[in-house]
Protein chains: 2
Amino acid sequence: MTAPKGRKDKADASRVRILDAAAALFRERGFAAVSLRAIAAAAGMQAGSVYYHFESKEQIVVEVLNLGIAAVHRAVAESVAALPTSAAAAEVIGTGIRSHFRALFQFSAYTSANVRIYGQVPAAVRAANLPVRRGYEALWDGILDRAAAAGAVRPAVDRRAFRLMLIGSINATLEWFDPDRGDVADLAGRYAAILLHGLLQPGEDAAWAS
Amino acid sequence: MTAPKGRKDKADASRVRILDAAAALFRERGFAAVSLRAIAAAAGMQAGSVYYHFESKEQIVVEVLNLGIAAVHRAVAESVAALPTSAAAAEVIGTGIRSHFRALFQFSAYTSANVRIYGQVPAAVRAANLPVRRGYEALWDGILDRAAAAGAVRPAVDRRAFRLMLIGSINATLEWFDPDRGDVADLAGRYAAILLHGLLQPGEDAAWAS
DNA sequence: TTTTCTGCCTAACGTTTGTTAGATTATTGT
DNA sequence: ACAATAATCTAACAAACGTTAGGCAGAAAA
């Protein structure tokens, strides 16, 4: 982020500092264990000041949760949209998987905050995050439905269950994979190979075979 | 659990009620958001009474985390030990996967409490749970090492990474699979087929092919 | 029946929390 | 330079928290 210019940019910069601090702390300790004072301190201000930028602690966590998904959604949507319309199902899905992994670790404070705490935040927070979650799920459903319509998907596969398995399995890697020690693209390739083998008709995943 | 008899059994019954209540609440709201008063109320007593049974809130959550893993560990260890020594690697690993799934959903309050909150509890709590975690990981490492020694595992497979993928992917199903709507054994079979295909030499997973 | 002991209740403590309202400071526009 | 406004500080509030120590009730033992 460039140096702030003008008032609007200064408020934006403070806002980002608050969100960055909150995401890192929420992912590490959970929503309830992180005080406004701790977030403010990490953002370089006092707790009362946070209320100039956000109405409540809950509003902060909703934003963190939304940003966690938005980053991944954008990455997958853009990379898939950039493929030629003639791309094979395996290529489309494989690309989506790769992009999901890339964004997952690029914005890991936000994405892992979401993965870790979504299930334990107040119900109102979950409800506020739900539309964004549904949007990302719909993106994948679209990808999988198009693959099925092209005849690439094995008929026995329940596509909803597959999508749940795909997102769940990949997101679980946040808990153990260290991008400073391993290659995210390599990990993505391995997961794509396994997942595509379970999804597609024999021969459709040849380019991704492990 | 049978009706309590005598004093020791009464204390044990109260202790179990506290742990059951804590597990259910922790998994739903996280450690910090659940007060002692809430746990006590759910267990049918007042908050001060909990201190007769446990030294601290942290001791409660350590027990919950430990029990979450112990249940799964016992299930996998017992089912694998019950197999004939001549059992094929695919059979051993598939059985382990099945048992992991079964215990995961049978004791889901405890297992999902562990899966969901382990990463956000105080460091001392994590440290106290670590030996139990390491024990379960070692169980799987043993299973996988024996399969490799028998020549059933593809040489390119990093067995540590595989074990992390196996446990991570399976545990992630806690977030979306509803055992009242679907069959756990069926889900386990599907996961085993996919995982074994990624792990074993060609032909070694024939009985589990999907 | 009386005594002992377990298991729970209760009131209270010191600390922490999210939040508010007013004051102050820093920045921008004229 | 001054005025306006944004951005932050500060003190305070009511509520909630984990925990403690003493008391009480009921069950079991003598």
Side-chain angles (χ1 to χ4, degrees), chain A residues 1-23 25-26 28-64 117 120-125 128, chain B residues 1-23 25-26 28-64 117 120-125 128:
Chain A
M1 188 176 248
T2 60
K5 289 202 177 156
R7 285 177 169 181
K8 179 135 173 44
D9 289 347
K10 187 184 181 190
D12 284 350
S14 295
R15 219 167 169 279
V16 168
R17 279 199 331 270
I18 294 167
L19 289 169
D20 284 351
L25 289 167
F26 288 151
E28 188 175 315
R29 305 191 203 149
F31 173 64
V34 179
S35 67
L36 249 303
R37 288 170 175 84
I39 295 173
M45 62 179 78
Q46 302 294 321
S49 308
V50 174
Y51 287 89
Y52 177 79
H53 301 274
F54 295 92
E55 284 184 15
S56 64
K57 187 182 176 185
E58 290 202 356
Q59 201 196 52
I60 296 174
V61 74
V62 170
E63 188 87 29
V64 167
I117 73 173
Q120 292 95 55
V121 292
V125 172
Chain B
M1 187 176 249
T2 61
K5 287 195 180 168
R7 285 179 168 180
K8 179 134 170 52
D9 289 348
K10 186 182 182 194
D12 283 351
S14 294
R15 217 167 170 278
V16 168
R17 280 201 328 273
I18 293 167
L19 289 169
D20 284 350
L25 290 166
F26 288 152
E28 189 175 314
R29 305 190 200 151
F31 174 63
V34 177
S35 66
L36 248 305
R37 289 169 175 82
I39 294 173
M45 64 180 74
Q46 302 295 320
S49 311
V50 173
Y51 287 89
Y52 178 79
H53 300 274
F54 295 92
E55 282 185 16
S56 63
K57 188 182 178 186
E58 290 203 357
Q59 201 197 50
I60 296 174
V61 74
V62 170
E63 188 85 30
V64 167
I117 74 174
Q120 294 95 59
V121 292
V125 172

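First the proteins, then the strands, lettered A, B, ... as listed; each starts at 1.
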Summarise protein proximity over nucleotides 12-19 of chain C in one line of letters, 5' to 3': B for base, S for sugar-phosphate only, - for none, counting protein heavy atoms closer than 4.0 Å.
B----BBB
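One atom, CZ of B:Phe26, and another, C1' of D:dG18, lie 12 Å apart when rounded to the nearest Å. Look at CE on B:Met45: it is 15 Å from C1' on C:dT10, rounded to the nearest Å. Note: CZ (A:Phe54) to C1' (D:dA7) measures 14 Å, nearest angstrom. As rounded to whole Å, 15 Å separates atom C1' of D:dA16 from atom CD1 of B:Ile39.
Closest to the A:Tyr52 side chain, of the nucleotides C:dG7, D:dA7, C:dC9, is D:dA7. Distances were taken from every side-chain heavy atom of B:Gln46 (C-beta onward) to each of C:dC9, D:dC9, C:dG7; the shortest belongs to C:dC9.
OP1 and OP2 of C:dT6 both lie 4.0 Å or more from every side-chain N or O belonging to B:His53. Applying the 4.0 Å criterion to OP1 and OP2 of D:dA7, one finds that A:Ser14 has every side-chain N and O outside that range. Residue A:Ser49 places at least one side-chain N or O under 4.0 Å from the OP1 or OP2 atom of D:dC9.
Remark: B:Glu58 pairs with B:Phe31, B:Ser56, B:Pro122, B:Ala124, B:Val125 by the side chain to side chain contact (heavy atoms under 4.5 Å, CB included) rule, at least two apart or across chains. Residues satisfying the side chain to side chain contact (heavy atoms under 4.5 Å, CB included) test with A:Ala22, not counting sequence neighbours, are A:Phe26, A:Ile39, A:Ile60, A:Val64. For B:Arg15, the salt bridge (Lys or Arg N to Asp or Glu O under 4.0 Å) test picks out B:Glu63, with sequence neighbours left out. With sequence neighbours left out, the side chain to side chain contact (heavy atoms under 4.5 Å, CB included) criterion links B:Ala128 to B:Val62. By the side chain to side chain contact (heavy atoms under 4.5 Å, CB included) test, B:Ala42 pairs with B:Ala21, B:Leu25, sequence neighbours left out.
A:Glu28 is not listed as a side-chain neighbour of A:Val34, based on a closest heavy-atom distance of 4.5 Å or more.
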